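Below you'll find the structure, written out as structure tokens, and then a few comments.
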Amino acid sequence: MERTLTAQLPQRVGERVRLLGWVHHIRQLGSISFLLLRDRTGLCQAVTAEPERFKLNQIQRESIVELLGRVKPEPQARQGVELELEELKILITPVAPLPFEVNRSRKKLNLKLDMLLDHRAFSLRNPEFGAVFRVQAEIVNTFREFLRQAGFLEVHTSKIIAAGTEGGTALFPIQYFEQKAYLAQSPQFYKQMLVGAGYERVFEVGFVYRAEDHATSRHINEYLSLDYEMGFIQSFRDVTRLENQLLKVMVEKLKNNCAAELEILGARLPEVGEIPELHFRDARAILKKDYGRNTEGMIDLDPEAERQLCDYAGKVYNSEFIFITHYPRKTRPFYTMWDPDDPEYTFGFDLLFRGLEVTTGSQRIHDYNMLVENIRRFGLQPENYDFYLEIFKYAVPPHGGLAIGAERLTQQFLGLANVREASLFPRDRFRLTP
RNA sequence: GGGCCCGUAGUGUAGCCUGGUUUAACACGUCGCCCUGUCACGGCGAAGAUCGCCAGUUCAAAUCUGGUCGGGCCCGCCA
């Protein structure tokens with residue numbers, strides 16, 4: 001008999017079906033007993049008045065079983081249907097005690113993050129932890145679909161590189177035969193080069209690596225970067241407007257395709273209207289005036305400032321997102337275009353969402369001479385960037401782009417306390433397994 | 001790199017300040033018995049911990065001190 005999935009049961013009322021899955025829970029109430037079966041589509045309840053016949057009290061949780069039975073409507077059951085158990089076959093049983101209960105709510109389990117991650121594959125059986133990555137898949141899928149429709153080409157650039165992108169953050173060195181190489185901290189150079197290659201609009205979904213020695217709830221050393229880069233822009237606002245649109249579509253998609261996951265996670269989606277933007281200079285003034293911050297010499301936003309500006313966006317614009325634009329030149333990498341009318345500031349921006357930076361982007365410098373000059377001004381040697389600079393000699397259009405941290409975006413959509421919960425197998429300062 | 005904090009049954013916690021009535025407690029899980037409609041089922045009972053590790057102080061250490069190993073959070077930096 002063909003396998004039926006638990007989610008299909010409401011359409012199979014009256015039929016005899018065969019189910020496969022894990023034993024999520026067994027509840028024996030004397031002579032009536034329930035077995036909750038879990039498969040990739042969800043849970044269903046099998047019922048029997050003969051627990052002895054199926055030796056229910058001998059079945060270990062998380063065993064894999066095959067159930068045969070008839071689907072009957074039952075208003076008291078969760079999905080309105082349940083399986084009248086006729087046959088039960090135990091296919092595979094656990095050979096060790098379970099590390100923790102997987103059939104409870106996250107709150108009830110109250111697991112330490114370390115326990116959760118040490119037993120990652122097992123913890124994902126919990127419908128709540130598992131739901132995080134169904135949502136993340138939808139986020140990534142929407143990113144792809146949306147950009148394809150907007151005329152972007154999906155590209156895959158090398159994660160093994162010869163020189164660092166921006167100088168700033170630490171790189172992981174690797175041995176590449178007889179040469180020294182590094183893991184890419186960003187596809188930045190390559191996506192710009194591909195704009196110049198004539199594709200004009202490219203995007204990439206890929207891991208990037210940062211050897212930063214930090215330990216916070218928002219950092220991991222390998223993260224999924226959602227990048228796009230677009231040519232022939234008139235201003236950096238072409239880039240931010242597109243992200244605004246993307247987020248609008250994303251929230252709609254999540255609403256439609258992940259309703260069950262969002263519900264079990266207790267997540268509330270944001271309303272995405274027109275995302276307000278704030279010049280860095282104005283942001284600083286607000287921090288000083290409304291939040292009593294000492295903003296003297298402030299050239300970047302610390303996490304507290306990011307939370308405060310989101311608080312401000314909520315109060316003044318009724319928005320959970322806010323673009324902070326025109327970051328000072330000192331804090332932005334050499335390829336960032338500055339504002340010719342206000343050259344202390346750049347056309348670089350961040351998107352803050354519920355108190356956390358989830359995107360960085362900018363308009364880039366597209367003029368060859370300007371770029372070389374700026375590399376020198378940063379104390380770097382243009383020769384080291386020849387592979388990147390070459391295409392700029394042959395005319396690259398005005399362009400800009402951004403990068404979204406997929407785990408951070410997932411974290412903020414779902415209200416997760418730690419970004420590691422939004423990474424399947426996170427790599428942090430001390431964790432290299434599983 | 002700087003600061004703060006935590007390691008107690010399979011899991012999550014209490015006890016630690018103020019050392020001794022503690023046979024180390026509670027909840028979930030596990031095992032056994034009871035219960036026709038549960039869905040965090042319920043009831044009764046049982047097993048399960050040399051209190052991360054090492055050393056010190058003391059008549060006495062889960063409790064105080066030092067070291068060590070493991071972990072968490074915040075900051076710098078970043079997505």
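Proteins come first, then strands; the chains are lettered A, B, ... in the order of their sequence lines, and each starts at number 1. Fair warning: this is a prediction, and the values are worked out from it, not measured in the lab.
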Hey, is A:Phe100 stacking on B:G29? Ring centres under 5.5 Å, planes under 30°.
-> no

Ring-base stacking, A:Phe34 with B:U38 (5.5 Å, 30° cut-offs) | yes

Kindly point out which of B:U13, B:U36, B:C77 is positioned nearest to the side chain of A:Glu212?
-> B:C77

RNA chain B nearest-nucleotide lookup for A:His214 and A:Ala417: closer to the 5′ end is A:Ala417

Of A:Tyr345, A:Phe236, A:Phe280, A:Trp338, the one forming a ring pair (Phe, Tyr, Trp, His ring centres under 6.0 Å) with A:His326 is A:Phe236

Selection from B:U11, B:A79, B:G37 that lies nearest to any side-chain heavy atom of A:Val47 = B:G37

Does A:Lys112 put a side-chain nitrogen or oxygen below 4.0 Å from OP1 or OP2 of B:U13?
-> yes

For the salt bridge (Lys or Arg N to Asp or Glu O under 4.0 Å) test, which of A:Asp350, A:Asp339, A:Asp300 pairs with A:Arg332?
-> A:Asp350

Determine the contact category for A:Gln79: base if any of its heavy atoms lies under 4.0 Å from a base atom, sugar-phosphate if only primed atoms, P, OP1 or OP2 are that close, otherwise nothing.
-> nothing

In dot-bracket notation, what is the pairing pattern of RNA chain B, taking Watson-Crick (N1-N3 plus N6-O4 or O6-N4) and G-U wobble (N1-O2 and O6-N3) contacts under 3.5 Å, with [ ] crossing and | for other strands?
-> ((((((((.[[[[.)....(....]]]].(((((.......))))).....[[[[[..)....]]]]])))))))....

Passing candidate, salt bridge (Lys or Arg N to Asp or Glu O under 4.0 Å) with A:Glu87, options A:Arg16, A:Arg53, A:Arg18 = A:Arg16

Out of B:U11, B:G37, B:G76, whichever nucleotide has its closest atom nearest the side chain of A:Met115 | B:U11

Distance between C1' atoms of B:C16 and B:A24 (Å, rounded) | 12 Å

Side chain of A:Arg218 (C-beta onward), nearest among B:G37, B:G12, B:G76 | B:G76

If you check the A:Arg61 side chain, which of B:U30, B:C78, B:G71 turns out closest?
-> B:U30

Residues forming a salt bridge (charged side-chain N to carboxylate O under 4.0 Å, His left out) with A:Lys89, sequence neighbours excluded = A:Glu66

Assign a letter to each nucleotide of nucleotides 39-45 of chain B from its 5' end: B, base within under 4.0 Å of a protein heavy atom; S, sugar-phosphate only; -, no contact.
-> BBB----

